Amino acid sequence: MTRAVCPGSYDPATNGHLDIIGRAAGLFDEVVVSVLINKSKKTLFSVEERTEMLREVTAQWPNVRVDSWHGLLVDYCRENDIQAIVKGLRAVSDYDYELQMAQMNHQLTGVETLFMPTNPIYSFLASSLVKDVANYGGDVSTLLPPSILTRLTQRLAERR
Ligand SMILES: O=C(O)c1ccc2[nH]nc(Br)c2c1
């Protein structure tokens with residue numbers, strides 16, 4: 001049984017995230033999409049809301065499950081018998097940081113990190129940018145799954 005984790009904040013998940021998750025689902029017996037719990041980071045959606053949205057938009061892949069974790073990712077991998085971390089790379093600018101994290105994680109426990117180039121149509125996508133554009137009324141309808149677009153629109157309206 002091969003198992004990989006796709007870690008992230010997913011605040012909220014974008015079509016770029018789903019691109020990576022779906023492709024990983026085609027490579028591994030099981031993919032765990034794990035939402036990072038970072039108490040020092042203010043997020044637009046709670047961990048519960050982010051995991052709920054992810055479960056909805058990943059239901060299409062029977063071998064994908066959604067979870068959350070707090071602490072070292074390598075500890076989460078060990079506790080869940082996960083052999084690989086899958087990260088999307090949108091651009092060269094992602095590489096430096098991701099390489100450092102991958103080397104540290106391998107140093108710590110030997111867990112492997114596999115980099116997957118995002119579909120070029122999503123190279124500019126970041127959850128933070130999507131939220132900013134949507135907050136100023138920009139059209140992000142092609143960048144998010146419909147159900148997440150609805151939730152984002154509602155949350156931003158609540159905050160006005
Ligand atoms: O949305 C983000 O912040 C974000 C960050 C890093 C990322 N790597 N691959 C993808 Br898709 C991606 C998305």
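Because only heavy atoms are used, hydrogens play no part in the values below, and waters and symmetry mates are left out as well, while side chains stay in. Everything numeric here is computed off the predicted structure, so don't read it as measured data. Every number for a ligand or one of its atoms is a count from 1 in the order of the listing.
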| field | Geometric class of the Tyr76/Trp69 ring pair [parallel <30°, tilted 30-60°, perpendicular >60°] | value | tilted
| query | What atoms of ligand 1 come within less than 4.0 Å of a heavy atom belonging to Gly16? | reply | 11 (Br)
| Do Asp139 and Ser141 have side-chain N/O donor and acceptor atoms under 3.5 Å apart? | yes
| task | State which residues pass side-chain hydrogen bond (donor to acceptor under 3.5 Å, both in side chains) with His106; sequence neighbours excluded, sorted by chain then number. | result | Glu112
| With sequence neighbours excluded, what pairs up with Leu27 under the side-chain contact (heavy atoms from CB on, under 4.5 Å) test? | Met116
| note | atom 7 (C) of ligand 1 has as its nearest protein heavy atom Arg90 NE, 3.5 Å
| task | Answer whether the closest heavy-atom distance between the side chains of Val32 and Cys6 falls below 4.5 Å. | result | no
| request: Supply the atom-to-atom distance Lys131 NZ to Thr14 OG1, rounded to the nearest 0.5 angstrom. | output: 11.0 Å
| field | Enumerated ligand 1 atoms positioned under 4.0 Å from heavy atoms of Thr118 | value | 9 (N), 11 (Br)
| remark: For Ser127, the atoms of ligand 1 under 4.0 Å from one of its heavy atoms are 1 (O), 2 (C), 3 (O)
| note | The closest protein heavy-atom partner of atom 8 (N) of ligand 1 is Gly88 O, 2.8 Å
| request: Do me a favour and list the nearest non-hydrogen protein atom to atom 13 (C) of ligand 1 with residue, atom name and distance? | output: His17 NE2, 3.4 Å
| N or O contact, Ala126 vs ligand 1, cut-off under 3.5 Å | no
